[in-house]
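To start, the structure itself, in structure tokens.
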2 protein chains.
Amino acid sequence: MDQANDPNRKSWISVKEDSDFPIQNIPFGIYQYGSNEPVVATRIGDTVIDLSSVAILGYFDGLNITDRGVFRRSYLNDFISLGKPVTNAVRDRIAEIFDETNEEAKNDERLKEKALIPVKDVNMLMPVKVGDYTDFYSSKEHATNVGTMFRDPENALLPNWKHLPVGYHGRSSSIVVSGTPIHRPKGQTKPADSDQPVFGPTKLFDFELEMAFVTGKSTKLGESVSTAQAEDYIFGLVLFNDLSARDMQKWEYVPLGPFLAKSFGSVISPWVVTLEAFEPFRVDGPKQEPEVLPYLQFEGKKSYNINLEVYIKPEDTDEHRVCHSNFKYMYWNMAQQLAHQTVNGCNINVGDMYASGTISGPEPGTYGSMLEITWKGTNPVKLSNGEERKFILDNDTIIMRGHSKNENIRIGFGEVSTKILPAN
Amino acid sequence: MDQANDPNRKSWISVKEDSDFPIQNIPFGIYQYGSNEPVVATRIGDTVIDLSSVAILGYFDGLNITDRGVFRRSYLNDFISLGKPVTNAVRDRIAEIFDETNEEAKNDERLKEKALIPVKDVNMLMPVKVGDYTDFYSSKEHATNVGTMFRDPENALLPNWKHLPVGYHGRSSSIVVSGTPIHRPKGQTKPADSDQPVFGPTKLFDFELEMAFVTGKSTKLGESVSTAQAEDYIFGLVLFNDLSARDMQKWEYVPLGPFLAKSFGSVISPWVVTLEAFEPFRVDGPKQEPEVLPYLQFEGKKSYNINLEVYIKPEDTDEHRVCHSNFKYMYWNMAQQLAHQTVNGCNINVGDMYASGTISGPEPGTYGSMLEITWKGTNPVKLSNGEERKFILDNDTIIMRGHSKNENIRIGFGEVSTKILPAN
């Protein structure tokens with residue numbers, strides 16, 4: 001076990017009981033204070049820890065980090081590129097520094113003054129510079145629901161679905177960090193009663209509850225990553241809101257897949273939680289039948305028990321939960337996704353993002369999109385304030401949260417939140 | 001007219017009559033000499049011109065380039081980011097420096113010694129760091145051929161095709177420069193006589209003859225680029241070989257589009273030829289019927305007359321031409337593609353790449369892929385050495401060339417060449 005995961009450790013930084021960020025989490029992100037330069041940070045409780053300052057004070061000495069400047073960057077990519085032996089050693093060291101028994105650090109006034117900032121005082125930025133972004137389609141329940149609604153209920157899953165983790169390339173440039181508002185996109189749609197398309201703001205604005213992993217190691221063109229190797233290449237996870245314009249998608253997606261229906265904005269949580277932090281939450285995934293081809297077979301528990309929730313918050317009203325799902329429902333796990341992505345020799349880079357696809361579970365309350373929750377709008381959601389929603393309206397804020405919990409600890413992401421503004 | 005385009009200008013650097021690189025071209029690329037650092041370069045005839053050395057010698061003084069280091073980079077992105085007023089001024093200045101009437105430059109021994117290198121002595125690298133890559137599907141003939149073969153000859157074009165430039169996001173990481181060999185990819189395919197997929201090297205290895213444009217200006221999320229503005233955002237063009245594994249594509253692409261059938265490698269020509277260099281070759285494109293929505297309408301000639309050719313060269317044999325097509329055949333032009341890409345607010349960055357899709361013309365000899373040339377393999381090509389090809393075999397080299405020509409000048413790309421190696 002990594003030292004950082006010791007469930008009995010407590011920090012001298014105060015952590016509320018229901019916090020996603022105990023000393024066992026130690027996620028990584030990029031923060032900005034005022035107009036200062038962006039800096040690599042971690043978080044314990046509601047305190048952001050400036051890792052550049054921690055490094056300057058010498059606390060990371062001996063960890064084989066030759067350039068302390070790696071903590072003074074606009075993105076985590078260079079830090080992640082140091083490799084898991086170094087980044088995990090940094091996590092372990094952070095756990096030691098902020099352990100409640102560490103009297104020296106606890107009494108280091110410079111450390112407290114230079115490195116600790118209340119989370120409410122900082123601006124969290126995009127954690128990674130995304131090279132390529134893939135969106136998978138790995139929830140059987142989601143694919144079945146969509147296939148039932150738009151194709152054939154008797155053959156909801158297409159023939160390839162259980163043989164390979166279906167996925168497509170998405171737009172990297174429009175992946176933004178939590179808190180970034182997104183305008184309702186305009187585009188072409190074809191009304192059912194017309195032969196001709198029309199142009200205007202989407203009428204069917206949706207979210208998709210997803211998780212994404214960030215790769216931490218590169219390959220060369222022609223190389224492949226096996227399912228056994230895959231976890232070495234996965235640095236960590238974020239919550240991922242794959243915003244979707246359903247009416248635009250329906251008109252454009254044949255035969256080459258979703259394009260403008262997705263590329264107007266995807267939103268991620270600011271803290272990348274390492275795969276190592278979720279080690280205590282490994283579980284078996286759904287049984288895969290028929291048996292998959294050898295390159296997709298794997299050993300051990302490769303799924304993770306992570307509770308996921310989606311809330312809609314109309315303006316001036318309380319948020320209302322519309323979905324509670326779980327990452328463990330995914331039919332295809334991350335190791336299989338990465339093995340599939342690279343089996344043809346496609347090269348990967350540090351900072352690439354691989355999203356799961358909408359994570360729907362078996363029961364109605366666990367569906368991960370408004371499309372499924374309201375079943376194409378036929379069964380609207382009633383919000384706490386009495387309003388109804390078939391899809392997302394202007395000025396609604398969509399909030400996703402995720403955490404794992406056992407008898408000892410809770411590890412989470414905080415949230416990914418985005419307000420939908422009227423069309424430009 | 002840009003000074004650089006003066007058709008009467010001649011250079012004191014020798015240029016063969018059929019060269020793609022007269023002094024009117026002045027493309028940009030990245031070259032490496034031995035193990036030196038990569039440098040921004042241009043080319044006249046068979047001479048590569050090191051622009052970092054030209055800058056150090058003071059020839060670019062007064063052009064508002066505050067950092068000469070912009071020419072000493074691994075990619076063109078920073079140079080392109082200077083903006084068209086600067087990069088076009090650099091083209092004009094290069095035309096002046098190497099004009100045969102410029103006695104001072106012609107007799108500058110330091111310039112000749114430091115900046116001029118025979119093209120055979122250098123290594124050309126990837127010209128740009130590609131952020132996002134989109135592949136359009138903009139040739140009506142290609143879409144019709146594919147629709148006829150795989151769907152319904154009576155309704156070969158899908159309902160959306162004439163209303164919007166269909167496109168999808170591709171993989172950026174695996175775009176490589178001419179000369180890079182590519183291994184035959186492995187992946188899943190489903191034999192026609194089986195219910196189950198099998199795993200192995202693709203049996204239907206194909207090329208797609210495409211062109212791609214590189215964006216030279218960024219937008220913010222939420223902004224759109226109109227067809228009238230689009231050319232301001234297009235820095236230049238490259239030849240693009242979109243390698244494809246047809247059997248993998250057929251099995252994987254429903255419903256989310258091509259994925260592993262494309263992501264194992266795409267190959268581009270090393271020289272980015274500016275849009276300005278093709279100014280004399282503007283032509284009208286095909287008539288668009290039905291009329292397109294207002295955001296896709298445009299004024300003036302937005303298509304370009306660029307001759308394109310594909311050759312197959314088996315090992316130890318001469319190359320054999322299998323296709324001659326033309327960029328002017330594209331139904332959707334680049335301005336429309338970029339307007340469509342951004343109409344939903346999707347942001348673009350400097351160095352993004354937007355490929356045309358396979359460029360097939362109306363006659364059989366003008367088809368831009370083996371799939372079409374041999375009509376799914378039913379009509380093999382007979383090569384000069386007597387061999388036949390249905391698709392690409394191991395150790396075949398695929399070469400694409402492209403140039404525009406009128407009574408005065410010829411502007412071209414040179415070539416994009418890639419050898420196909422056996423599966424790893």
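The sequence lines fix the lettering, A, B, ..., with proteins before strands; numbering per chain opens at 1.
With hydrogens and angles ignored, the 3.5 Å screen pairs a side-chain donor or acceptor of Arg171(A) with a backbone N or O of Asn347(B).
Looking at Val198(B), only its backbone comes within 4.5 Å of chain A, counting heavy atoms on both sides. Using a 4.5 Å cut-off between heavy atoms, Ser218(B) does not touch chain A at all. Only the side chain of Leu221(B) comes within contact range of chain A, judged by heavy atoms closer than 4.5 Å. Looking at Pro201(B), there are no atoms closer than 4.5 Å to chain A (heavy atoms on both sides), in backbone or side chain. Heavy atoms of Arg184(B) lying under 4.5 Å from chain A are absent altogether. Contact of Ile175(B) with chain A is not made at all, since no heavy-atom distance falls under 4.5 Å. Looking at Ile348(B), both its backbone and its side chain come within 4.5 Å of chain A, counting heavy atoms on both sides. Using a 4.5 Å cut-off between heavy atoms, Leu293(B) contacts chain A through its side chain alone, with no backbone atom that close.
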Requested in this report: Show the numbers, then the answer: is there a side-chain contact (heavy atoms from CB on, under 4.5 Å) between Tyr295(A) and Phe199(B)?
Outcome: CA-CA 9 Å; Tyr295(A) 81 93; Phe199(B) 179 78; 3.5 Å; yes
Requested in this report: Step by step, work out the side-chain contact (heavy atoms from CB on, under 4.5 Å) result for Gln188(B) and Val292(A).
Outcome: CA-CA 11 Å; Gln188(B) 287 195 30; Val292(A) 298; over 6 Å; no
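Within the 4.5 Å cutoff, the side chain of Val254(A) has no heavy atoms near those of the Val166(B) side chain. Looking at Pro255(A) and Arg151(B), their side chains come closer than 4.5 Å, going by heavy atoms from C-beta outward.
Between His163(A) and Trp251(B), the ring planes lie tilted relative to each other; the angle falls in the 30° to 60° range.
Between atom CG of residue Leu256(B) and atom CZ of residue Phe136(A) there is a gap of 11.0 Å, rounded to the nearest 0.5 Å.
Screening Met248(A), Lys262(A), Lys186(A), His183(A) against Asn344(B) for a side chain to side chain contact (heavy atoms under 4.5 Å, CB included) leaves a single residue, Met248(A).
Closest approach of Leu164(B) and Glu252(A) over heavy atoms only: CD2-CB, 4.5 Å.
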